[in-house]
Visitor: 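Pasting a structure here, questions to come.
Keep in mind that what you see is a predicted model, and the values were worked out from it rather than measured. For ligands, and for the atoms within them, numbers begin at 1 and follow the listed sequence. Sequential numbering from 1 along the given sequence is applied to the chain's residues.
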Amino acid sequence: MLKIEGLTVHYGVIPAIKDLNIEVPQGKVVCLIGTNGSGKTTTLKGVSGIVKAKAGRILFEGKDLTKVDPHQIVHMGISQVPEGRGVFPDLTVLENLQLGAFIRKDKKAIKSDLEEIFSLFPRLEERKNQLSGTLSGGEQQMLAMGRALMARPKLLLLDEPSMGLAPIIVQEIFKIVRRINEEGTTVMLVEQNAKMALSVAHYGYVLETGEIVAQGTVNELKNDDMIRKIYLGIH
Ligand code: ATP
């Protein structure tokens with residue numbers, strides 16, 4: 001579904017990612033793990049068109065995204081849940097969700113999708129008239145995911161969903177990620193929390209200073225000595 005070929009992104013003269021090759025097959029969850037500043041967010045921003053490629057191609061269903069505007073990329077079926085969630089604090093939960101459907105005109109389907117989102121995230125339904133800025137971190141993460149799903153994406157880009165959340169909430173969020181995938185959405189997930197990422201993904205890539213240093217199926221990665229030691233803390 002998504003094929004990143006030789007992607008290089010610079011901020012000014014400084015390279016953030018170098019010659020990355022990543023594949024995300026339809027129906028799968030693919031994770032990108034790595035420490036702070038390794039280039040994970042930059043990779044996602046490349047896919048959603050927020051940063052421009054210096055070199056390489058990003059093929060989505062065969063079309064090169066490096067020449068497509070970000071809003072057009074959303075229309076093609078890619079939605080991003082940004083790091084830090086980016087909900088509109090002065091709008092209610094319901095208003096934030098409705099904004100997620102801004103590219104659509106099928107009112108009936110939007111309404112039934114809203115019901116589906118509420119069944120996926122019952123807490124959002126309970127709080128649909130609450131101002132989003134007053135939600136807990138976990139609830140804001142759910143809202144950001146719900147909003148992205150309201151665009152009916154084929155590919156969901158998730159940037160550090162676990163960030164700043166208590167372990168029990170992180171588990172809840174990851175259960176929902178699995179469910180979203182089981183219901184047919186392909187997911188590209190960026191995480192510092194390697195343990196959680198590998199619990200939900202099918203395939204993973206490890207980034208260090210902008211380069212891929214390891215990749216494999218989740219079982220291969222979980223059994224790799226370097227990954228066990230550095231990313232999973234198992235000695
Ligand atoms: P984190 O988990 O901390 O977000 P990351 O793996 O997502 O880390 P990126 O945010 O992609 O890493 O950053 C990769 C590199 O690019 C870092 O060295 C970072 O300082 C740099 N960088 C990121 N955004 C910018 C920017 N807008 N301008 C200049 N440099 C940037």
Side-chain angles (χ1 to χ4, degrees), residues 2-24 29-58 60 65-66 68-71 73 78-87 137-138 140-141 144-145 147-148 153 155-167 169-171 173-174 177 186-201 203-216 218 221 224 226-233:
L2 183 79
K3 205 165 178 207
I4 299 177
E5 295 178 346
L7 183 65
T8 299
V9 174
H10 282 198
Y11 292 114
V13 292
I14 303 167
I17 50 175
K18 286 162 265 178
D19 197 22
L20 293 194
N21 294 294
I22 292 172
E23 264 190 69
V24 184
V29 179
V30 172
C31 69
L32 230 62
I33 57 180
T35 51
N36 266 327
S38 55
K40 305 180 301 297
T41 298
T42 301
T43 308
L44 282 195
K45 284 183 174 168
V47 176
S48 55
I50 300 167
V51 297
K52 286 290 156 221
K54 178 149 177 78
R57 299 197 302 169
I58 303 169
F60 178 64
L65 299 181
T66 56
V68 181
D69 290 336
H71 77 272
I73 292 176
I78 300 181
S79 284
Q80 182 167 4
V81 182
E83 193 174 7
R85 287 121 206 179
V87 302
Q140 290 197 16
Q141 181 60 41
M145 287 162 65
R147 187 179 59 187
L155 174 65
L156 183 68
L157 307 176
L158 272 178
D159 197 349
E160 302 254 0
S162 77
M163 199 208 264
L165 303 180
I169 309 292
V170 172
Q171 287 191 4
I173 297 283
F174 275 81
V177 173
T186 306
V187 178
M188 185 171 176
L189 167 71
V190 153
E191 258 301 341
Q192 273 193 56
N193 185 334
K195 192 169 165 229
M196 284 315 296
L198 294 177
S199 76
V200 74
Y203 199 86
Y205 293 84
V206 182
L207 271 186
E208 271 175 25
T209 56
E211 289 177 279
I212 292 167
V213 294
Q215 63 174 288
V218 162
L221 293 176
D224 181 297
M226 180 274 283
I227 290 165
R228 287 168 69 84
K229 207 167 142 192
I230 299 178
Y231 294 95
L232 298 172

Visitor: So if I count the atoms of ligand 1 from 1 in the order they appear, which ones are less than 4.0 Å from some heavy atom of Ala16?
Guide: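 Per the distance check, 15 (C), 16 (O).
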Visitor: Suppose we measure from atom 23 (C) of ligand 1 to each protein heavy atom; which comes out shortest, and what is that distance?
Guide: Tyr11 CE1, 3.2 Å
Visitor: Measure the distance from atom 3 (O) of ligand 1 to every protein heavy atom, then report the residue, atom name and distance (to 0.1 Å) of the closest one.
Guide: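 Looking at atom 3 (O) of ligand 1, the protein heavy atom closest to it is Asn36 OD1, 2.7 Å.
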Visitor: Is the closest protein non-hydrogen atom to atom 21 (C) of ligand 1 under 4.0 Å?
Guide: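 So far as the 4.0 Å threshold goes, atom 21 (C) of ligand 1 is in reach of a protein heavy atom.
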Visitor: Specify the protein heavy atom at minimum distance from atom 10 (O) of ligand 1: its residue, its atom name, and the distance to 0.1 Å.
Guide: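 I find the closest protein heavy atom is Thr41 CB, 3.6 Å.
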Visitor: Could you measure the distance from the CD atom of Gln192 to the CD atom of Glu83? Nearest 0.5 Å is fine.
Guide: 8.0 Å
Visitor: Short question: side chain of Lys40, backbone of Leu189 - any donor-acceptor pair under 3.5 Å?
Guide: no
Visitor: Using every non-hydrogen atom in the two residues, find where Glu5 and Asn21 come nearest and quote the distance to one decimal.
Guide: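 Nearest heavy atoms, Glu5 then Asn21: CA-OD1, 3.4 Å.
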Visitor: Just jot down the ligand 1 atoms closer than 4.0 angstrom to any heavy atom of Gln192, in number order.
Guide: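 Going through ligand 1 atom by atom, the ones under 4.0 Å from Gln192 are 2 (O).
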Visitor: Measure the distance from atom 4 (O) of ligand 1 to every protein heavy atom, then report the residue, atom name and distance (to 0.1 Å) of the closest one.
Guide: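 For atom 4 (O) of ligand 1, the nearest protein heavy atom is Glu83 OE2, 3.1 Å.
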Visitor: Tell me the protein heavy atom at minimum distance from atom 12 (O) of ligand 1, and give that distance in Å.
Guide: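 The closest heavy atom on the protein side is Gly39 N, 3.1 Å.
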Visitor: In the protein, which heavy atom is nearest to atom 13 (O) of ligand 1, and how far is it?
Guide: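 For atom 13 (O) of ligand 1, the nearest protein heavy atom comes out as Thr42 OG1, 3.8 Å.
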Visitor: Would you confirm whether Ser79, through its side chain, and Leu156, through its main-chain N or O, come within 3.5 Å as a donor-acceptor pair?
Guide: no
Visitor: For ligand 1 and Gly37, I'd like to know whether there is a polar contact (N/O to N/O, distance under 3.5 Å).
Guide: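 Such a contact does occur with ligand 1.
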Visitor: Pull out every atom of ligand 1 sitting under 4.0 Å from any heavy atom of Thr35, numbered as shown with elements.
Guide: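 Taking each heavy atom of Thr35 in turn, ligand 1 has 6 (O) under 4.0 Å.
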